[in-house]
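Scroll down for the structure; my scribbles are underneath it.
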Amino acid sequence: MPLDTTNDLIRVRLDKLAQLRAQGLDPFAHDRFDRSHTTAGAVSGFQEWETRTASGAESGSEPDPAPRVCVAGRVFAIRNMGKALFVDLRDESGRVQLYFRVNHVGAEAFARLDLLDRGDFLGVGGPVFRTRTGEVTVEVHEFQLLAKALRPLPMGNLVGEEQHGDVTDVEFRYRQRYADLAVHPGVREQFRRRSLILRGIRDFFDQRGYLEVETPVLQTVAGGAAAKPFHTYHNELEQDMHLRISLELYLKRLIVGGFEKVYEIGRVFRNEGVDTEHNPEFSLLESYEAYVNLGAIEALVEELLCFLATRLYGRPVVPFGDEEIDLTPPWPRLPLLEGIRQHTGVQPEVFASLDGARGVAGRLGLNLDEAVSVGWIVDKIHGRYVQPKLIRPTFVTEFPLEISPLAKKIADRPHLTHRFELYVAGAELANAFSELNDPLDQRERFEAQGAMRDGGDEEAHPMDEDFLRALEYGMPPTGGLGIGIDRLVMLLTNQTSIRDVLLFPHMRPEGRLDTDPASGGQGV
RNA sequence: GAGCCGGUAGCUCAGCGGUAGAGCAUCUCCCUUUUAAGGAGGGGGCCCUGGGUUCGAAUCCCAGCCGGCUCACCA
């Protein structure tokens, strides 16, 4: 939305900017400000000086002068007392109060403070003292306006750590995250924790000798998951391309190539709906390790979650609403059909035939339009009746073959696969297989998926000849893991909406922001 | 995709057929250590958009846009 110069609040700010420039004081001309302290550092430094001089007075030694500081930040509140003026200044570290007085800065400079607005960036210098009301405060002797805010920030009143009359409109906060972040230290903290989790994941895998790699985002065959891809086009090559929907197939190519432990944290794109648990682009962690089976991957996930929770909370327990979830291993293993038996009373034998499965699905009130296979039905029943009950971490195991085209068969029950999905807090958090490394079997699976694709299943796995060629060179037995990072961050930070763990969640375009397509304004 | 709820000043919200409101913010004036908020006075609106009903619509009706929640689906 272009700057509305008819708006009073904005016009006043533009006017003040013009006045500053007329005085040769363009705030946007500054390209640096040397800080001696952060705001929090200025306060703590002063408090240390206080205790030092208090003990110095007891021993009768000469007192140090009060510390002088240079601090910079955004102005959050201005309290004008006539010939004195107080400002709340905030930076990333916290806040400090500023005290301006005519005879400290001079009448001319003091008058210039009329041109200061909430939201402006200010750099100041002067000694620190404690006011009569006990607040540690910088007595400003010099100041520079470092940048002007032409728009008023969406904030209510702020005094100390309290904030009143805050912006609560979630649409505003997601669309204008910059303003949300500027005004809400708690939101910045949320994303700092996300970063900490990412750092933790890397530390975890690096400590275990895994190699972090990067694989293509632009692909001609987008596979490795059941999802619809985004389409794009390479002009020069005149080639249709897809954005990747998973990392799987390229990472397994690397296992073929002789890397024995690899992982990637990457953005993937799925052309599907948007809600509190889904964003069209999201971050996925996948790891592959040669010569290990599913049991090793279970142990790996148990360790990873405990490691991350302990980093954040000091113990392997995460908050969940007003309660807590204990992540201490071992976590229970629950075969898929056993979970369904426990929560619906339907016996596993019923799923021996498609007709039996369809009958149960109908009785349970499921929409059968797409019920093309037993596996599909089992998955739906699980999603609806079992998954929401799995609050404590649970490995659901023994997935049907037809919904697991990349997982090894269980030798004595070839309709099932060596696969688990991890559920915590009623949400799927991880998906892992003993990776199918038999290229002949893999080709049959792809062909079966192709038949489903021909049958109208847009999410059936596409044939990938290059991947098959890689398997044909030989891939060792391998354990693979996938974890949705955003869901993981939601779990670890007790958030119920994926938008609150994404800095810039996907939103429909704002009507009036629409640019002329001919001018090429909007990307993607 | 369906149902329900919402969109009014920079922010938070009230108003729900009869001149567009409040608090904070903003502007002017007074005040040299204030603390959500000293005192006095002033300005500020495409009431989401487009149709309709009506003497008259922010308010009622229809369609649409954007968002939230629930459900269906995908991680």
Side-chain angles (χ1 to χ4, degrees), chain A residues 4 6-13 15-16 77-88 97-104 110 114 117-119 129-135 137 139 149-175 179 183 225-228 245-246 268-286 365-367 369-370 379-380 383-384 387 421-423 427-431 458-459 482-488 490 496-499 505 507-514:
Chain A
D4 175 10
T6 64
N7 180 294
D8 243 16
L9 300 169
I10 289 169
R11 219 181 43 232
V12 163
R13 285 158 186 261
D15 210 57
K16 290 177 177 176
I78 303 170
R79 292 182 289 279
N80 192 339
M81 307 300 297
K83 296 200 176 61
L85 182 144
F86 293 86
V87 162
D88 279 312
Q97 178 170 264
L98 309 179
Y99 173 52
F100 294 82
R101 195 174 158 188
V102 180
N103 42 1
H104 290 144
F110 194 85
D114 280 344
D117 285 299
R118 300 208 307 175
F129 73 112
R130 202 177 270 279
T131 63
R132 197 175 289 165
T133 51
E135 179 155 355
T137 300
E139 181 183 286
L150 297 181
R151 291 179 188 267
L153 282 170
M155 57 186 176
N157 269 357
L158 178 136
V159 162
E161 297 306 312
E162 291 178 67
Q163 211 150 329
H164 306 266
D166 245 356
V167 58
T168 55
D169 178 2
V170 292
E171 181 175 358
F172 182 102
R173 300 208 296 119
Y174 297 149
R175 283 194 197 282
V183 152
K228 287 172 231 164
I245 58 173
S246 84
V268 301
F269 307 83
R270 298 190 183 176
N271 209 336
E272 286 149 5
V274 179
D275 61 31
T276 48
E277 293 182 314
H278 300 269
N279 198 65
E281 55 180 298
F282 65 99
S283 294
L284 190 60
L285 160 71
E286 290 195 26
L366 257 72
N367 177 3
D369 292 350
E370 299 172 66
D379 197 45
K380 292 302 156 239
R384 176 114 143 223
Q387 175 176 338
E421 286 186 347
L422 170 66
Y423 289 86
E428 183 189 336
L429 201 70
N431 185 13
E458 290 180 74
E459 299 188 351
I483 293 183
I485 298 281
D486 312 286
R487 297 266 176 91
L488 176 67
M490 286 168 68
T496 54
S497 172
I498 198 168
R499 295 188 183 112
M507 300 288 268
R508 285 194 164 88
E510 251 176 302
R512 290 184 214 174
L513 260 188
D514 279 345

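Just so it is clear: chains get the letters A, B, ... in the order the sequence lines come, proteins before strands, and each one is counted from 1.
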Between [N] and [M], how far is it from one [atom1] atom to the other, in whole Å?
{"N": "B/C47", "M": "B/G15", "atom1": "C1'", "answer": "10 Å"}
{"N": "B/G50", "M": "B/G18", "atom1": "P", "answer": "22 Å"}
{"N": "B/A58", "M": "B/G6", "atom1": "C1'", "answer": "15 Å"}
{"N": "B/G3", "M": "B/G44", "atom1": "P", "answer": "42 Å"}
{"N": "B/A63", "M": "B/C4", "atom1": "P", "answer": "12 Å"}
{"N": "B/G43", "M": "B/G38", "atom1": "C1'", "answer": "22 Å"}
{"N": "B/U26", "M": "B/C5", "atom1": "C1'", "answer": "33 Å"}
{"N": "B/G7", "M": "B/C61", "atom1": "P", "answer": "14 Å"}

Does a nitrogen or oxygen in the side chain of [X] sit under 4.0 Å from OP1 or OP2 of [N]?
{"X": "A/Thr133", "N": "B/U33", "value": "no"}
{"X": "A/Arg499", "N": "B/G68", "value": "yes"}
{"X": "A/Arg11", "N": "B/U26", "value": "no"}
{"X": "A/Lys228", "N": "B/C73", "value": "no"}
{"X": "A/Arg508", "N": "B/G67", "value": "yes"}

If you check every side-chain atom of [X], which of [options] has the closest atom?
{"X": "A/Asn80", "options": "B/U34, B/C31, B/C11", "answer": "B/C31"}
{"X": "A/Asp275", "options": "B/C73, B/A75, B/C31", "answer": "B/C73"}
{"X": "A/Thr276", "options": "B/C69, B/A75, B/U12", "answer": "B/C69"}
{"X": "A/Asp8", "options": "B/U26, B/C69, B/G44", "answer": "B/G44"}
{"X": "A/Arg118", "options": "B/U34, B/U26, B/G67", "answer": "B/U26"}
{"X": "A/Phe282", "options": "B/G67, B/A75, B/U12", "answer": "B/A75"}
{"X": "A/Glu272", "options": "B/A75, B/U35, B/C27", "answer": "B/A75"}
{"X": "A/Arg132", "options": "B/A72, B/U34, B/U32", "answer": "B/U34"}
{"X": "A/Glu135", "options": "B/G67, B/U35, B/U33", "answer": "B/U35"}

Under 4.0 Å, counting only non-hydrogen atoms across every strand here, what does [X] touch: a base, just sugar-phosphate, or nothing?
{"X": "A/Ala225", "value": "nothing"}
{"X": "A/Asn431", "value": "nothing"}
{"X": "A/Asn7", "value": "sugar-phosphate"}
{"X": "A/Arg487", "value": "base"}
{"X": "A/Arg13", "value": "nothing"}
{"X": "A/Ser246", "value": "nothing"}
{"X": "A/Arg151", "value": "nothing"}
{"X": "A/Gly484", "value": "nothing"}
{"X": "A/Asn279", "value": "base"}
{"X": "A/Val102", "value": "nothing"}

Applying the Watson-Crick and G-U wobble criteria at under 3.5 Å, what pairs with [N]? Answer none if nothing qualifies.
{"N": "B/U49", "answer": "B/A63"}
{"N": "B/C69", "answer": "B/G3"}
{"N": "B/U34", "answer": "none"}
{"N": "B/A20", "answer": "none"}

Point to revise | Whole-Å distance separating the CG atom of A/Asp114 from the P atom of B/U26 | key: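 Whole-Å distance recorded here is 12 Å.
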Point to revise | Length of the CG-P vector between A/Asn271 and B/A75, whole Å | key: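 Atom CG in A/Asn271 sits about 14 Å away from atom P in B/A75.
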Exercise for review: Between A/Glu281 and A/Tyr174, name the one whose nearest nucleotide on RNA chain B is closer to the 5' end.
Suggested key: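 Nearest nucleotide further toward 5': that of A/Tyr174.
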Point to revise | Closest-nucleotide 5' rank along RNA chain B - winner of A/Lys16 and A/Pro152 | key: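 Residue closer to the 5' terminus by nearest nucleotide: A/Pro152.
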Work out which heavy atom in [X] is nearest to a heavy atom in [Y]; give both atom names and the distance.
{"X": "A/Ile498", "Y": "A/Asn279", "result": "CD1-N, 4.1 Å"}
{"X": "A/Arg270", "Y": "A/Ala227", "result": "CD-CB, 3.5 Å"}
{"X": "A/Gly82", "Y": "A/Phe110", "result": "O-CE2, 3.4 Å"}

Exercise for review: Just say parallel, tilted or perpendicular for the rings of A/His104 and A/Tyr99, cut-offs at 30° and 60°.
Suggested key: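 Rings of A/His104 and A/Tyr99: perpendicular, over 60°.
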Review point. Looking only at N and O atoms, is any donor in the side chain of A/Thr131 or the base of B/U35 less than 3.5 Å from an acceptor on the other one?
Key: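 Counting by modelled atom types and ignoring angles, a donor-acceptor contact under 3.5 Å is found here.
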Check your understanding: When only distance counts, do a donor and an acceptor, one from the side chain of A/Arg79 and one from the base of B/U34, lie under 3.5 Å apart?
Key ->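 Pair found.
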Practice item. Taking only Lys NZ, Arg NE, NH1 and NH2, and the carboxylate oxygens of Asp or Glu, determine whether A/Arg79 and A/Asp88 approach each other closer than 4.0 Å. Key: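 The answer is yes: the pair qualifies as a salt bridge.
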Exercise for review: Go through A/Val274 and A/Arg499 one step at a time and tell me if the side-chain contact (heavy atoms from CB on, under 4.5 Å) criterion holds.
Suggested key: CA-CA 10 Å; A/Val274 179; A/Arg499 295 188 183 112; 3.3 Å; yes
